[in-house]
Visitor: 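First the structure, which I've put down as structure tokens, then a few questions once you've had a look.
Position 1 is the first residue of the sequence; numbering continues from there. Just the heavy atoms: all of them, side chains too, but no hydrogens, waters or symmetry mates, feed the values below.
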Amino acid sequence: MSDTTDPMQILSGALPFLKRYDDQIVVVKYGGHAMGEEETALRFGRDIALLEQVGVNPVVVHGGGPQINAMLKRLNVQSTFVQGLRVTDEAMLDVVEMVLAGPVNKQVAEAITRAGAIAVGISGKDGGLIRARKLMRTVRDPGSRIEQVLDLGFVGEPEAVDTRVLKLLIGADIVPVVAPVGVGADGQTYNINADTVAGAIAGALGAERLLMLTDVAGVKGPDGAFITEMSVAEVRAGIEAGWISAGMIPKVETCIYAIERGVKGAVILDGRVPHAVLSELFTHGGAGTLIKP
């Protein structure tokens, strides 16, 4: 794992990697604390702009949980939870779409554009990008062991991805910045997990890499040591054995989903580390845990 944080030092040894990623699509999921402070956001924008300028085709999918929470508090919209999971009712859906497809989406696109590339913010509803369906989640009652279906309201999952609008933007050397909302066959808007959207888009585009920026360095083994590379089979074994657990499970499952749909590799890395994206793509050691077929 590289500890390089100087972008010029990274690029000085990047020639072999520049050839590998020339004209390839790299989908970057950006969210959590990685998009918190202004300087972190501007640095991310510069890194994405640099990717575009050296011949990579980046596609950014962003979250916005902290910003949604702040707006809910400001508007005094109360959250309802079922089995610890937040329900998206009509009032909350309006706030989610307003925040994700509004200020958050435009701030990310503006940071990239300010750095010298051209970025355009869209939502999964634009151009029919993400056809969604209602997410059905079940939990098992610890006492009776009976599975119960949870109704999380207008929470969805991607059913299909129409990549035409993304390919038009990429072909025009424009960086797409996607807010994770989708629309059902009946026109209903759905709030979708940003990790899930990133995996679905990466798979639909046949991306060279899916980069999942998180708040941790990557996957740790049963001994607590950082793992630089894993196969899909090894990830599944880690879940079965229990040392891949909690919040890491949905992230690695998204990586597996994308790989099974043609993505060459997916990486979980710490988005708070300066220039983590550049370090991962353009250095031998990388910056996170690479999951491959």
Side-chain angles (χ1 to χ4, degrees), residues 1-11 14 26-52 56 58-70 99-100 103-112 114-115 117 119 175 177-180 193-199 202 209-221 224-230 244-252 254-255 265-291:
M1 179 173 145
S2 172
D3 60 359
T4 302
T5 58
D6 179 354
M8 297 309 297
Q9 188 175 344
I10 294 169
L11 291 177
V26 173
V27 176
V28 182
K29 186 271 175 175
Y30 177 53
H33 294 295
M35 61 188 303
E37 297 181 2
E38 182 179 5
E39 180 51 39
T40 305
L42 292 175
R43 186 168 57 223
F44 173 81
R46 290 192 292 268
D47 288 353
I48 296 299
L50 190 147
L51 290 186
E52 196 278 328
V56 182
V59 176
V60 177
V61 178
H62 66 81
Q67 293 88 342
I68 292 170
N69 290 337
V99 173
L100 289 179
V104 173
N105 185 257
K106 304 317 171 191
Q107 285 165 9
V108 176
E110 193 273 334
I112 298 168
R114 191 193 306 185
V175 179
V177 177
V178 182
N193 177 274
D195 289 356
T196 306
V197 170
R209 283 287 186 271
L210 167 63
L211 304 184
M212 303 277 287
L213 271 60
T214 70
D215 301 336
V216 295
V219 180
K220 291 183 178 180
F226 172 79
I227 301 174
T228 58
E229 187 170 322
M230 303 180 72
I244 295 179
S245 60
M248 186 56 71
I249 291 179
K251 294 187 184 303
V252 296
T254 294
C255 293
V267 185
I268 297 172
L269 66 163
D270 192 342
R272 300 168 299 178
V273 174
H275 311 298
V277 170
L278 301 184
S279 296
E280 173 55 41
L281 295 178
F282 298 142
T283 67
H284 286 284
T289 300
L290 170 63
I291 299 173

Visitor: Could you tell me whether Lys220 atom NZ has more than 12 heavy atoms of other residues or ligands within 6.0 Å of it?
Guide: no
Visitor: When rounded to the nearest 0.5 angstrom, what is the spacing between CD1 in Ile112 and CG in Leu42?
Guide: 11.0 Å
Visitor: Please answer whether the main-chain N or O of Val99 pairs with a side-chain N or O of Gln67 as donor and acceptor at a distance below 3.5 Å.
Guide: no
Visitor: Can you tell me how far NZ of Lys251 sits from CD1 of Ile291, rounded to the nearest 0.5 angstrom?
Guide: 11.5 Å
Visitor: Donor-acceptor pair, Thr289 side chain versus Val219 backbone, under 3.5 Å?
Guide: yes
Visitor: Please report the shortest heavy-atom distance between Gly45 and Ala115, naming the atom on each side.
Guide: O-CB, 3.7 Å
Visitor: Decide yes or no for His275 and Leu50: does some side-chain heavy atom of the first lie under 4.5 Å from some side-chain heavy atom of the second?
Guide: no
Visitor: What are the two closest heavy atoms between Ala41 and Ala111, and how far apart are they?
Guide: O-CB, 3.9 Å
Visitor: Kindly compute the distance separating CG (Leu213) from CD (Glu280), expressed to the nearest 0.5 Å.
Guide: 10.0 Å
Visitor: Closest approach of Ala119 and Ala109, non-hydrogen atoms and distance?
Guide: CB-O, 3.5 Å
Visitor: Could you go through Val216 and Met248, starting from their C-alpha distance and side-chain angles, then the distance that decides it, and tell me whether this counts as side-chain contact (heavy atoms from CB on, under 4.5 Å)?
Guide: CA-CA 9 Å; Val216 295; Met248 186 56 71; 3.7 Å; yes
Visitor: Stepwise, does the side-chain contact (heavy atoms from CB on, under 4.5 Å) test hold for Leu278 with Leu51?
Guide: CA-CA 8 Å; Leu278 301 184; Leu51 290 186; 3.9 Å; yes
Visitor: I need the Leu281 CG to Arg209 CZ distance, nearest 0.5 Å.
Guide: 8.0 Å
Visitor: What are the two closest non-hydrogen atoms of Val197 and Pro180, and how far apart are they?
Guide: CG2-CB, 3.7 Å
Visitor: Determine yes or no for a side-chain-to-main-chain donor-acceptor pair under 3.5 angstrom, with Asp215 supplying the side chain and Arg272 the backbone.
Guide: no
Visitor: Would Ile48 and Tyr30 satisfy side-chain contact (heavy atoms from CB on, under 4.5 Å), going step by step from the backbone distance to the final call?
Guide: CA-CA 11 Å; Ile48 296 299; Tyr30 177 53; over 6 Å; no
Visitor: Hey, could you give me the CG/CD1 distance between Leu290 and Ile268, rounded to the nearest 0.5 Å?
Guide: 10.5 Å
Visitor: Applying side-chain contact (heavy atoms from CB on, under 4.5 Å), name anything that partners Glu52, two or more places apart in sequence or on another chain.
Guide: Pro58, Ala117, Asp173, Val175
Visitor: When rounded to the nearest 0.5 angstrom, what distance separates CD in Glu110 from CG in Asn105?
Guide: 12.0 Å
